[in-house]
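Take a look at the structure set out below.
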Amino acid sequence: MCSRLSHNNKLHVIDSHTGGEPTRVVLSGGPELGVGSLRERLDIFRERFDHYRSAIVNEPRGCDAIVGALLCKPIDPSATTGAIFFNNVGFLGMCGHGTIGLIVTLAHLGKIGTGLHRIETPVGVVEASLHDDGRVTVRNVASYRSQTNRLVEVPGFGQVTGDIAWGGNWFFLSPDHRFPLTLANVDALTEYAWKIRGALRAQGITGTNGDEIDHIELLGAPTIPQADSRNFVLCPGQSYDRSPCGTGTSAKLACLYASGQFTEGQIWRQQSITDSVFEGSISVRNGVVHPHITGSAFVNAESFLILDERDPLRWGIGSGLSSQTVEALTG
Ligand code: PYC
């Protein structure tokens, strides 16, 4: 049978996981997004090439938990690379576990060594240090709490209180939940967190500038002695973060700092629902908090994704795109 695959139908990817949460780095074969700012390139990706996002992370090649990272040429010459992060339903401003996975992937390829690296993202430049022991510390974007003890009326659950904070994504952080934060309760936690998210949207409760709060972080006591807290984070596509969530841990650190419970020099150990742990600390300049998140990632696959023109599901299940629509979008 003759093959109808051309060079453009293949994407070279490397998969890794950071504390259980998968990252798929696209090295080549992704959409051509031009040379604008990372924010402009993200807009082009979203408006014209969303089918690539779906093809890369959705079934049948991916799963709901995978975060994709498209490598882009950075504008800032001091940056090692640019990266646009995306998931099963859309795009992320920043991704902590994904940045750790990206750094470990670049090291696996021999493209970087230990030391400090700058990564340009649509929400700003983040710095990441690769340590001798293979761990990575991400110095995240400036993070802050925008609302404290905000009440939301959640259908079926009543009033729930939480803080609203930015850690590179918007989070509603709440210690209010009826279910122990264990893997056995993932379905109940998912349903509860999803209802909180819906209630926030319905009641017009947003981040700064009306941004949607699309991550829900439930917090509780740790179950391992080396941790300070355990979390369950529900991501925008209704999948839970297997890692302690880099941006979620950043949002938590911003809240702790704002309430005077955490300062420079301290370490916060955040346990995830799968028991992986991130270490967090902060640096503060003129009142602006930058969280530093340390974790480990492991490369677990290197492959080519094949977009076979004969495959009716080549753009992923749920992309909702016919091949005619894709042709119209891409010209
Ligand atoms: O680690 O920041 C993170 C993250 C966001 C969504 C999934 N992981």
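Just so you know, residue 1 is the first one in the sequence shown, and it goes up from there. Every number for a ligand or one of its atoms is a count from 1 in the order of the listing.
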* Asked: Identify the closest protein heavy atom to atom 7 (C) of ligand 1: which residue and atom is it, and at what distance?
  -> Asp241 OD2, 3.2 Å
* Asked: Would you say Gly96 has any N or O atom under 3.5 Å from an N or O of ligand 1, going by distance alone?
  -> yes
* N-O pairing of Arg145 and Asp163 below 4.0 Å -> yes
* Asked: Taking the six-membered ring for Trp, are the ring centroids of Trp170 and Tyr144 within less than 6.0 Å of each other?
  -> yes
* **Within 45° cone of Tyr240 ring axis and under 6.0 Å: Arg242 NZ or CZ** => yes
* May I ask you to identify, for Thr247, whether its side chain, its backbone, both or neither come under 4.0 Å of ligand 1 on a heavy-atom basis? => both
* For Ser243, is at least one N or O under 3.5 Å away from an N or O on ligand 1? -> no
* Asked: Side-chain contact, heavy-atom cut-off 4.5 Å: Ile196 with Leu234?
  -> no
* In ligand 1, which numbered atoms sit nearer than 4.0 Å to a non-hydrogen atom of Gly246? -> 1 (O), 2 (O), 3 (C)
* Please confirm whether Gly248 comes within less than 3.5 Å of ligand 1 when only nitrogen or oxygen atoms on both sides are compared. => no
* All pairs passing side-chain hydrogen bond (donor to acceptor under 3.5 Å, both in side chains) where residues 287-307 contributes a residue, at least two apart -> His12-Glu302, Thr137-Thr294, Ser283-His292
